[in-house]
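As structure tokens, the structure follows; a few thoughts come after it.
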Amino acid sequence: MRTATLGPAQRAESLAAMAERELDVLVIGGGVVGAGTALDAVTRGLSTGLVEARDWASGTSSRSSKLIHGGLRYLEMLDFALVREALKERGLLLERLAPHLVKPVPFLYPLQHKGWERLYAGSGVALYDAMSMARGHGRGLPAHRHLSRRHALRVAPALRKDALVGALQYYDAQMDDARFVTTLVRTAVSYGAKAANRARVTGFLREGERVVGARVQDVEAGGEYEIRARQIVNATGVWTDDTQAMVGERGQFHVRASKGIHLVVPRDRISSTSGLILRTEKSVLFVIPWGRHWIIGTTDTDWDLDKAHPAASSADIDYLLEHVNSVLAVPLSRDDVEGVYAGLRPLLAGESDATSKLSREHTVAHPVPGLVVVAGGKYTTYRVMAKDAVDEAVRGLDQRVADCVTEDVPLLGAEGYRALWNARARIAARTGLHVVRVEHLLNRFGSMAEEVLDLIAADPSLGEPLSAADDYLRAEIVYAASHEGARHLDDVLTRRTRISIETFDRGTRSARDAAELMAPVLGWDKDHVEREVAHYEKRVEAERESQLQPDDLTADAARLGAPDIVPL
């Protein structure tokens with residue numbers, strides 16, 4: 001199987017090809033569910049197209065807690081089916097589908113009451129492990145263990161001694177959510193799907209009551225395409241209702257947006273070898289290891305303002321700091337916060353009791369002939385959502401179609417990853433890179449790291465770190481534009497890398513260097529580079545301003561002070 005390149009030429013060719021002849025399936029929405037749906041459809045032998053209005057994963061799918069997990073708290077809600085399904089998917093991703101992208105992560109759950117709490121929480125975690133093993137997909141993770149207070153404080157010295165009487169430690173998994181989606185898209189394209197980001201659906205084509213295609217605007221180059229398809233899948237997450245409105249039909253359910261924010265702080269601010277999971281009065285709070293950083297989150301509040309750029313307010317930040325500081329011996333302050341990001345969960349809200357209780361479960365509907373809608377769910381179960389959406393679309397095709405095979409389709413970079421990992425010292429010696437750099441590349445690209453190393457071999461200066469962002473090599477910036485569909489500086493600093501949340505300057509000191517590396521690939525002149533840098537700086541300024549505002553309304557107004565770089 002060939003690897004797939006999402007460069008500028010491929011994007012133009014894909015748009016033209018989608019408009020040239022009728023597709024079997026057109027997927028709208030380039031988040032994890034849309035990308036997964038495209039992969040599912042194309043690997044069943046269907047001609048498949050995928051369009052995204054902005055960048056891959058630019059909505060919810062780049063702003064999650066970055067966990068692949070069974071949902072331990074759903075056990076408490078007795079939602080065994082959802083937990084069982086998610087644990088199976090976690091195991092598949094760790095062991096077979098994406099071992100280069102999905103990694104085990106330990107969590108410490110501090111106990112605050114003697115006796116009953118250890119029995120209660122311990123029973124839940126034991127059931128969690130047992131359900132994972134029962135499906136045969138739990139072997140990749142260690143079993144949970146009970147810790148005394150002394151042992152727990154050795155694992156996490158940052159905790160206040162009076163904040164726990166003991167602890168439980170268990171394992172889940174994590175990934176870089178935006179990188180995962182980009183890899184999904186590239187995998188779909190490698191099997192023959194056509195994909196284009198910055199391609200916005202502006203309306204649907206109808207023949208009688210049937211939806212037969214979509215009008216798609218090329219946001220980058222201008223122009224509009226009519227893309228015809230026998231079935232269209234609406235996988236637009238929190239934009240589901242907006243997309244449905246273009247059809248002019250009343251939906252069978254609605255999607256409500258719930259905002260969750262996260263803070264990123266340097267690793268040395270919290271002394272612990274394990275992540276933490278803490279109870280709050282409303283939900284749970286995670287402190288998640290993230291390279292040389294911690295991610296702290298999340299909140300859960302209704303959001304009915306701008307969906308493209310949800311803003312974190314000062315109150316949101318204070319809420320997280322207050323709750324995490326309640327257990328830390330050395331409290332965190334605003335000065336410790338490197339990055340802040342906010343995302344919107346697409347929660348199902350039905351018009352009757354039967355659908356309103358769906359919450360984190362997903363649903364698929366066929367509201368009009370030719371149009372399938374998939375919504376709700378959680379990141380971990382994206383593959384199941386995609387399967388269900390394509391199953392529903394297949395019912396509208398007058399032909400026999402193969403069953404879903406994505407349970408056995410590794411993502412690009414997975415095949416050969418473990419062999420390369422074992423040879424990482426030899427690769428380091430061959431390339432002249434430090435072995436830590438090679439490990440970094442393997443855990444971001446898997447076996448496709450060889451393509452990044454080829455760039456360095458052709459131009460050794462690309463083997464140097466990006467200015468003011470030492471964790472990333474200059475080659476990764478070039479690769480993002482040439483192979484991973486990055487069209488703007490914001491795409492690279494926010495999603496292909498995480499420089500926008502991993503540095504105190506939010507990526508402004510790296511912006512010019514990155515833009516100049518992207519310029520030759522994307523054909524930018526000097527003026528274009530200046531525009532990209534100026535836009536990025538304004539975006540960071542607007543986000544900082546929004547995070548000083550007292551509430552959602554004022555935070556949203558401040559964030560909207562920086563317009564997108566292209567008309568959206």
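For reference, positions follow the sequence shown, starting with 1.
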Mind jotting down which residue pairs meet the salt bridge (Lys or Arg N to Asp or Glu O under 4.0 Å) criterion with at least one end in [range]? Sequence neighbours excluded, please.
range	value
residues 3-14	Arg11-Asp218
residues 16-39	Asp24-Arg230
residues 451-464	Arg186-Glu451

Residue list, side-chain hydrogen bond (donor to acceptor under 3.5 Å, both in side chains) with [X], at least two apart or on another chain:
X	answer
Asp556	none
Trp524	His528
Asp391	Arg44, Lys387
Glu207	Arg228

State, with a plain yes or no, whether a side-chain heavy atom of [X] is found less than 4.5 Å away from one of [Y].
X	Y	answer
Met18	Val51	yes
Arg215	Leu205	yes
Leu453	Phe445	no
Tyr479	Leu462	no
Val372	Val25	no
Val373	Val364	no
Leu93	Phe180	yes
Arg495	Asp490	yes

If every non-hydrogen atom of [X] is compared with every non-hydrogen atom of [Y], which pair is closest and at what distance?
X	Y	answer
Ala195	Val189	CB-CG2, 3.7 Å
Leu347	Ser258	CD1-CB, 3.6 Å
Gly507	Ile499	CA-CG2, 3.6 Å
Leu412	Thr183	O-CG2, 3.4 Å
Ala235	Val33	CB-CG1, 4.2 Å
Ala393	Val233	CB-CG2, 4.4 Å

Do [X] and [Y] have side-chain atoms, one donor and one acceptor, less than 3.5 Å apart?
X	Y	result
Glu476	Thr497	no
Thr406	Arg383	yes
His262	Ser65	yes

Under a 3.5 Å distance rule, please check whether [X] uses its side chain to pair with a backbone N or O of [Y] as donor and acceptor.
X	Y	result
Ser500	Arg506	no
Ser61	Val32	yes
Asn197	Gly485	yes
Thr48	Leu46	yes
His535	Pro563	yes
Ser482	Gly7	no

Thinking salt bridges, do [X] and [Y] make one under a 4.0 Å N-O criterion?
X	Y	result
Asp491	Arg198	yes
Asp306	Arg559	no
Glu407	Lys88	yes
Arg84	Glu89	no
Asp242	Lys307	yes

Please tabulate, for side-chain N and O atoms in residues 513-523, each donor-acceptor pair with protein atoms closer than 3.5 Å (sequence neighbours left out).
from	atom 1	to	atom 2	distance (Å)
Asp513	OD1	Arg474	NH1	2.8
Asp513	OD2	Ser467	N	3.2
Asp513	OD2	Ser467	OG	3.1
Asp513	OD2	Arg474	NH1	3.3

What pairs with [X] under salt bridge (Lys or Arg N to Asp or Glu O under 4.0 Å), at least two apart in sequence or on another chain?
X	answer
Arg430	Glu450
Glu502	none
Lys259	Asp316, Asp552
Asp408	Arg96

Distance from Thr380 atom OG1 to Leu87 atom CG, nearest 0.5 Å?
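So the OG1 of Thr380 and the CG of Leu87 are separated by 9.0 Å.
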
Using the benzene-type ring in the case of Trp, are the ring centres of His488 and Tyr536 under 6.0 Å apart?
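When the ring centroids of His488 and Tyr536 are compared, they turn out to be at least 6.0 Å apart.
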
Among Glu537, Glu543, Glu541, side-chain hydrogen bond (donor to acceptor under 3.5 Å, both in side chains) partner for Arg539:
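Among Glu537, Glu543, Glu541, the one that satisfies the side-chain hydrogen bond (donor to acceptor under 3.5 Å, both in side chains) with Arg539 is Glu543.
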
So for atom CG, which belongs to Asp525, do other residues, nucleotides or ligands contribute more than 12 heavy atoms lying within a distance under 6.0 Å?
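Check passes, neighbour count above 12.
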
Qualifying residue for salt bridge (charged side-chain N to carboxylate O under 4.0 Å, His left out) with Asp176, from Arg498, Arg496, Arg63:
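So the option named by the test is Arg498.
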
Applying the side-chain contact (heavy atoms from CB on, under 4.5 Å) test to Leu441, which of Leu420, Val452, Thr431, Ile427 qualifies?
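Result for side-chain contact (heavy atoms from CB on, under 4.5 Å) with Leu441: Val452.
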
Please lay out, stage by stage, how Lys378 and Ser64 fare under the test side chain to side chain contact (heavy atoms under 4.5 Å, CB included).
CA-CA 10 Å; Lys378 55 205 287 283; Ser64 73; over 6 Å; no

Is it possible for you to check whether Lys194 lies under 6.0 Å from the centre of the six-membered ring of Tyr225, through NZ or CZ, and within 45° of that ring's axis?
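No, cation not above the ring by the 6.0 Å, 45° rule.
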
